[in-house]
There are 2 protein chains.
Amino acid sequence: MKKKQPQQLTEEALELIATTFRVLSEPMRLKILHTLDKDEMSVGELVEATGGSQANISKHLNILFEAGMVSRRKEGLNTFYRISDEMVFDLCEAVCSSLGKRLITQQQAIKNFTGR
Amino acid sequence: MKKKQPQQLTEEALELIATTFRVLSEPMRLKILHTLDKDEMSVGELVEATGGSQANISKHLNILFEAGMVSRRKEGLNTFYRISDEMVFDLCEAVCSSLGKRLITQQQAIKNFTGR
DNA sequence: TGATTATATTACCATATAGTAATTAAATAG
DNA sequence: CTATTTAATTACTATATGGTAATATAATCA
């Protein structure tokens, strides 16, 4: 384990990291990733499962693909997508955990305020 | 044949998670968080350290505050900010790890293409 | 061949937001 | 009190982007 030091981050690195977060900052894209959840699915299946429009889902899938978060495979008329970077699960889990803790804190505050 | 049942995430939950990612999707906010890195700093110190304008840093700090990622403390003319949610470190580390892996893969591909 | 189906793409609009300059607010000093 | 300092806020512009409707592309089928 290396000692932790204030490491210098270049503007370019900051842009890359920010872009990754930006890709994950749209509810519909999160919904797609959550629906995909390790299983391969066609665009049509994703359209039905998410309730989005075909054009919209296709656009979001391309953004996810460009970001390297999903991979795709063509078979006949269908294109099948699957999650290609397990990072997205780690990220969402970390966020959910943090949001959960915050909720508990808020509930506690309300309880304390109302006197239980 | 029914697919496995993905756990249901409400639209509201997706919005919350997406908002968290959106807050982290700006290079300047990442720079602020990276500069803060566990140490408390005043707005002026952050302005100097990041090279941003006072208005811009102040605006970003407020966004980070509203998102619960930093806390603040007033003392005289100064306002001191510090990171209040360690989650941001976990998230950035996960992203950096993923980006690093992707870079290695790309370098490998280039090596293979050029014949080592 | 033409028709059908699945997906991608284009053009457009509406909204959100980052950055800035100027101003305000608030605490402190003289 | 007035002046100074630090930070927040306001008003504004420019840009980016999500959603949609329409169209294009491409594979399959009759």
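Order of the sequence lines fixes the chain letters, A, B, ..., with proteins taken first and strands second; residue numbering starts at 1 for each chain.
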With a non-hydrogen cut-off below 4.0 angstrom, is Thr79(B) in contact with a base, only sugar-phosphate, or nothing?
sugar-phosphate
With sequence neighbours excluded, residues passing side chain to side chain donor-acceptor pair (under 3.5 Å) with Glu75(A):
Arg73(A)
Any chance CD of Glu48(B) has more than 12 other-residue heavy atoms, nucleotides or ligands included, within less than 6.0 Å?
no
Measure from CD on Glu15(B) to P on dA16(C) and round the result to the nearest Å.
12 Å
Salt bridge or not for Glu26(B) and Lys31(B), using N-O below 4.0 Å?
no
Taking atom P of dA18(C) as reference, at what distance in whole Å does atom NZ of Lys31(B) sit?
16 Å
Describe the nucleic acid contact of Phe80(A) in one word from base, sugar-phosphate, nothing, applying a heavy-atom distance below 4.0 Å.
nothing
Can a side chain N or O of Tyr81(A) be found less than 4.0 Å away from OP1 or OP2 on dA8(C)?
yes
Do the side chain of Ser25(A) and the main chain of Arg22(A) share a donor and acceptor less than 3.5 angstrom apart?
yes
Starting at CD of Glu66(A) and ending at P of dA16(D), how long is that distance when rounded to a whole Å?
17 Å
Just by distance, no angles: are the side chains of Ser71(A) and Arg82(A) close enough, under 3.5 Å, to form a donor-acceptor pair?
yes
Distance, nearest 0.5 Å, that separates CZ of Phe21(A) from CG of Leu91(B)
5.0 Å
Take Val70(B) and Leu33(B), measure what side chain to side chain contact (heavy atoms under 4.5 Å, CB included) needs, and give me the verdict at the end.
CA-CA 9 Å; Val70(B) 301; Leu33(B) 290 171; 4.0 Å; yes
Could you run down the sub-3.5 Å N/O contacts of the protein with nucleotides 27-30 of chain D?
none

Does the structure place the NZ or CZ of Arg72(A) under 6.0 Å from the centre of the six-membered ring of Phe65(A), at an angle of no more than 45° from the ring's axis?
yes
Starting at CG of Leu64(B) and ending at P of dA18(C), how long is that distance when rounded to a whole Å?
10 Å
Using whole Å, report how far CD of Glu45(B) lies from C1' of dA7(D).
14 Å
Do NZ/NE/NH1/NH2 and the carboxylate oxygens of Asp85(A) and Arg102(B) come within less than 4.0 Å?
yes
State whether Asn62(B) places a side-chain N or O below 4.0 Å from either non-bridging phosphate oxygen (OP1 or OP2) of dA8(D).
no
Can you tell me the distance, in whole Å, between the CZ atom of Arg72(A) and the P atom of dT9(C)?
7 Å
Report, one pair per line, the protein and nucleotides 18-24 of chain D atoms (nitrogen or oxygen only) whose separation is under 3.5 Å.
from, atom 1, to, atom 2, distance (Å)
dG18(D), OP1, Arg29(A), NH2, 3.0
dG19(D), OP2, Asn56(A), OD1, 3.1
dG19(D), OP2, Asn56(A), ND2, 3.2
dG19(D), OP2, His60(A), NE2, 2.5
dG19(D), N7, Lys59(A), NZ, 2.9
dG19(D), O6, Lys59(A), NZ, 2.9

Whole angstroms only, please: what is the CG-C1' distance between Asn78(B) and dA8(D)?
14 Å
Nearest to the side chain of Val43(A) - dA8(D), dA6(C), dA8(C)?
dA8(C)
